[in-house]
Amino acid sequence: MRPVPIRVPGRLFTALATGGGGAEALDLLARAEYSRRLACAHAVTQAARAVGGGVAEAAGQAWELLAAAHRADPRAVSAVLTHPSAGTALAGLLARLDHVVEGEAAAGAVGEPPVHWFSSLAAAAAVRAGVSARVRWPLTTDQVFLPSLGGARFAGAGPGDLAEVEIDAGGEARVRVAGRGSVAGPVAVPEAPYEASGRWRAAHRLVVLDSGAPLLLDDVDPLRFPGVPERPLGLTADDLRWWQATVRDACRLLRAHHPETCAELAAGPRTLVPLGRTGSFSGSSAEAFGSMALSRPRTGRALALSLAHELQHSKFAAVLHLFDLFEPGGDERYYAPWRPDPRPLIGLFHGAYAHLGVAEFWNRHRAVEQDPEELARAHAQFARWRAGAREATEVLLSSGRLTALGRHFAETMLRTLDALCRLPVPAEAGRRGLALAAEHRVEWVRRNGVPQALPI
């Protein structure tokens with residue numbers, strides 16, 4: 001069970017830099033993220049050994065169980081470690097362990113490392129592989145959860161109790177709270193992933209993508225996305241129907257008019273994390289590859305745009321895990337045409353790449369929009385974001401901090417944007433797009449000062 005070295009062909013690197021890449025590039029990036037997470041799991045084991053005591057013992061047992069699951073069924077381990085919350089768990093745990101090793105925990109900087117995150121990942125892999133085992137870890141809430149599978153709540157349970165997962169010789173698995181007679185009895189883990197049954201709760205399958213992989217809506221995994229509450233969001237049946245209908249509309253639109261984006265989405269895994277907030281918001285996390293958090297979309301088109309936008313961020317984050325595109329350090333802050341605040345170089349690079357994808361989305365959409373008012377909006381949005389992404393890319397190239405690979409990436413972005421900027425746009429829509437950009441800049445200057453690199 002070793003991480004596999006990843007080689008990125010030059011043609012795929014260049015294709016990614018144009019803002020695309022398709023299913024082939026997404027499949028490669030997903031394999032790279034899986035390899036990275038295997039390396040992270042091994043690093044967790046090593047760091048836990050340096051901490052010693054119960055932390056080292058629990059991490060060692062989790063690693064051995066993960067290895068046993070891999071020997072029985074490598075695909076089971078892959079399915080767990082490529083699930084978005086596995087990245088959140090492993091990266092977060094490794095950071096906490098490193099703090100302990102460096103002595104910061106003694107100074108009160110962090111609490112006890114949550115090594116139970118690793119235990120639950122290993123247990124989920126064992127369940128998927130049908131490996132006979134019994135795994136225990138301390139509870140922090142009343143929920144016993146297996147990443148990529150689901151979980152069950154045990155009313156009355158909590159800190160001080162133990163979660164227990166038992167897999168028998170036939171591969172059947174149950175979860176319970178060990179040593180407590182005052183909570184409900186064990187819950188069987190369904191054979192099929194993402195299946196709710198009785199007290200068992202799991203992510204919702206919204207649609208099956210062209211690759212055969214499901215697009216999930218996850219409101220139950222405690223680590224489904226950084227910064228969201230551990231407790232389930234509590235979607236109602238009406239909420240779920242809304243998401244299902246809106247996702248179907250978005251996927252139809254992408255399949256019909258944005259085939260490369262559709263292919264990248266289908267390359268999976270893909271998980272949507274609903275947020276309990278109003279307005280139009282979406283976000284991605286470098287450690288939760290394959291996941292995006294978003295507020296309830298108003299329309300299928302709005303969701304399709306968010307999917308295209310966040311896919312760009314996911315791709316770029318995975319590229320940054322493989323390559324150094326810029327030199328570290330530097331305290332400059334830059335104007336970004338899409339943000340109200342000054343951004344560091346990495347934020348500007350991320351945003352420029354994402355909005356290259358946004359401009360491409362509006363360019364394709366304006367070719368098929370039938371409603372005159374919406375068509376004018378599509379033209380204006382295209383004009384705005386091609387100009388904004390181009391401006392930011394020029395700033396990147398003049399920053400003096402790009403590596404040779406970074407310059408190649410940004411120059412390829414710029415050539416793509418130059419081609420978009422040569423496409424005709426109706427005069428009035430073009431003026432409207434540039435006026436929106438000017439309004440943003442005026443407000444930014446009022447808030448932050450002169451729009452250029454700003455020393456902290």
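Here, residue 1 is the first one in the sequence, and each next residue gets the next number.
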| query | Within 45° of the ring axis of Trp242 and under 6.0 Å from its six-membered ring centre, is that where the NZ or CZ of Arg296 lies? | reply | yes

| Pi-cation contact, Phe349 with Arg343 (under 6.0 Å, within 45°) | no

If you measure from the Lys or Arg side-chain nitrogens to the Asp or Glu carboxylate oxygens, is any gap between [X] and [Y] under 4.0 Å?
{"X": "Arg441", "Y": "Glu391", "value": "yes"}
{"X": "Arg224", "Y": "Glu230", "value": "no"}
{"X": "Arg447", "Y": "Glu443", "value": "yes"}

A side-chain contact here means heavy atoms from C-beta on lying under 4.5 Å apart; do [X] and [Y] qualify?
{"X": "Leu322", "Y": "Val319", "value": "no"}
{"X": "Glu287", "Y": "Pro226", "value": "no"}
{"X": "Leu325", "Y": "Leu402", "value": "no"}
{"X": "Leu215", "Y": "Leu272", "value": "yes"}
{"X": "Thr18", "Y": "Met413", "value": "no"}
{"X": "Val135", "Y": "Leu65", "value": "yes"}
{"X": "Phe225", "Y": "Thr271", "value": "no"}
{"X": "Leu294", "Y": "Val273", "value": "no"}

| said: Using salt bridge (charged side-chain N to carboxylate O under 4.0 Å, His left out), reason through Glu369 and Arg364 one step at a time and then give a plain yes or no. | reply: CA-CA 9 Å; Glu369 180 60 63; Arg364 291 187 293 267; over 6 Å; no

Side-chain donor or acceptor of [X] paired with backbone N/O of [Y] under 3.5 Å:
{"X": "Ser399", "Y": "Leu396", "answer": "yes"}
{"X": "Ser211", "Y": "Ala266", "answer": "yes"}
{"X": "Arg248", "Y": "Val207", "answer": "no"}
{"X": "Asp27", "Y": "Ala23", "answer": "no"}
{"X": "Lys315", "Y": "Gly21", "answer": "no"}
{"X": "Arg205", "Y": "Leu216", "answer": "no"}
{"X": "Ser398", "Y": "Glu394", "answer": "yes"}
{"X": "Glu264", "Y": "Gly22", "answer": "yes"}
{"X": "Arg401", "Y": "Gly329", "answer": "yes"}
{"X": "His258", "Y": "Ala308", "answer": "no"}

What's the spacing between [X] [atom1] and [Y] [atom2] if we round to 0.5 Å?
{"X": "His379", "Y": "Glu374", "atom1": "NE2", "atom2": "CD", "result": "12.0 Å"}
{"X": "Leu356", "Y": "His309", "atom1": "CG", "atom2": "NE2", "result": "11.0 Å"}
{"X": "Met292", "Y": "Leu265", "atom1": "CE", "atom2": "CG", "result": "6.5 Å"}
{"X": "Glu411", "Y": "Asp418", "atom1": "CD", "atom2": "CG", "result": "11.5 Å"}
{"X": "Thr261", "Y": "Leu307", "atom1": "OG1", "atom2": "CG", "result": "9.0 Å"}
{"X": "Ser291", "Y": "Glu310", "atom1": "OG", "atom2": "CD", "result": "10.0 Å"}

| task | Please report the C-alpha distance between Phe289 and Leu29 in whole Å, then the side-chain angles of each, then the deciding distance to 0.1 Å, and finally whether the side-chain contact (heavy atoms from CB on, under 4.5 Å) criterion is met. | result | CA-CA 9 Å; Phe289 180 81; Leu29 294 177; 4.2 Å; yes

| side chain to side chain donor-acceptor pair (under 3.5 Å) assessment of Thr412 paired with Arg415 | CA-CA 5 Å; Thr412 304; Arg415 285 194 296 272; 3.2 Å; yes

| field | Test side-chain contact (heavy atoms from CB on, under 4.5 Å) applied to Leu81 and Leu90, step by step | value | CA-CA 9 Å; Leu81 293 191; Leu90 290 170; 4.1 Å; yes

| query | Have Arg390 and Thr393 got a donor and an acceptor in their side chains that come within less than 3.5 Å? | reply | no

| query | Will you find, in the side chains of Thr246 and Asp249, an N or O donor that is under 3.5 Å from an N or O acceptor? | reply | no

Would you confirm whether the ring centroid of [Y] sits within less than 6.0 angstrom of the ring centroid of [X]?
{"X": "His313", "Y": "His350", "result": "yes"}
{"X": "His204", "Y": "Tyr194", "result": "no"}
{"X": "His83", "Y": "Tyr34", "result": "no"}

Exceeds 12 heavy-atom contacts within 6.0 angstrom, atom [atom1] of [X]:
{"X": "Glu439", "atom1": "CD", "answer": "yes"}
{"X": "Asp324", "atom1": "CG", "answer": "no"}
{"X": "Glu195", "atom1": "CD", "answer": "yes"}

Shortest non-hydrogen contact between [X] and [Y], atoms and distance:
{"X": "Gln143", "Y": "Pro222", "result": "NE2-CG, 3.7 Å"}
{"X": "Val220", "Y": "Arg201", "result": "CG1-CB, 4.4 Å"}
{"X": "Pro297", "Y": "Leu303", "result": "CB-CB, 3.9 Å"}
{"X": "Pro342", "Y": "Asn448", "result": "CD-OD1, 3.3 Å"}

| task | Please step through ring-ring contact (aromatic ring centres under 6.0 Å, His included) for the pair His116 and Phe145, ending with a clear verdict. | result | CA-CA 11 Å; His116 62 278; Phe145 199 87; over 10 Å; no

| task | Would you check, one step at a time, whether the test salt bridge (charged side-chain N to carboxylate O under 4.0 Å, His left out) holds for Arg11 with Glu24? | result | CA-CA 11 Å; Arg11 62 178 179 80; Glu24 184 183 7; 2.7 Å; yes

| task | Using the salt bridge (charged side-chain N to carboxylate O under 4.0 Å, His left out) rule, take Asp210 and Arg255 through it: C-alpha gap first, then chi angles, then the decisive distance, then the call. | result | CA-CA 9 Å; Asp210 292 348; Arg255 188 178 296 109; 3.1 Å; yes

| query | When you look at Arg31 and Leu28, which way does the side-chain contact (heavy atoms from CB on, under 4.5 Å) test go after all the steps? | reply | CA-CA 5 Å; Arg31 286 188 282 116; Leu28 185 147; 3.9 Å; yes

| task | Would you please classify the geometry between the Phe409 ring and the Phe13 ring as parallel, tilted or perpendicular, with 30° and 60° separating the classes? | result |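 Because their plane-to-plane angle is over 60°, the rings of Phe13 and Phe409 count as perpendicular.
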
| query | Going by the angle between their ring planes, with limits at 30° and 60°, are Trp362 and His365 parallel, tilted or perpendicular? | reply | perpendicular

| request: Kindly determine whether His408 and Thr14 satisfy side chain to side chain donor-acceptor pair (under 3.5 Å), including the steps that lead there. | output: CA-CA 8 Å; His408 172 70; Thr14 300; 3.1 Å; yes

| Given Trp137 and Val165, is the side-chain contact (heavy atoms from CB on, under 4.5 Å) satisfied, shown in steps? | CA-CA 9 Å; Trp137 63 83; Val165 179; 3.5 Å; yes

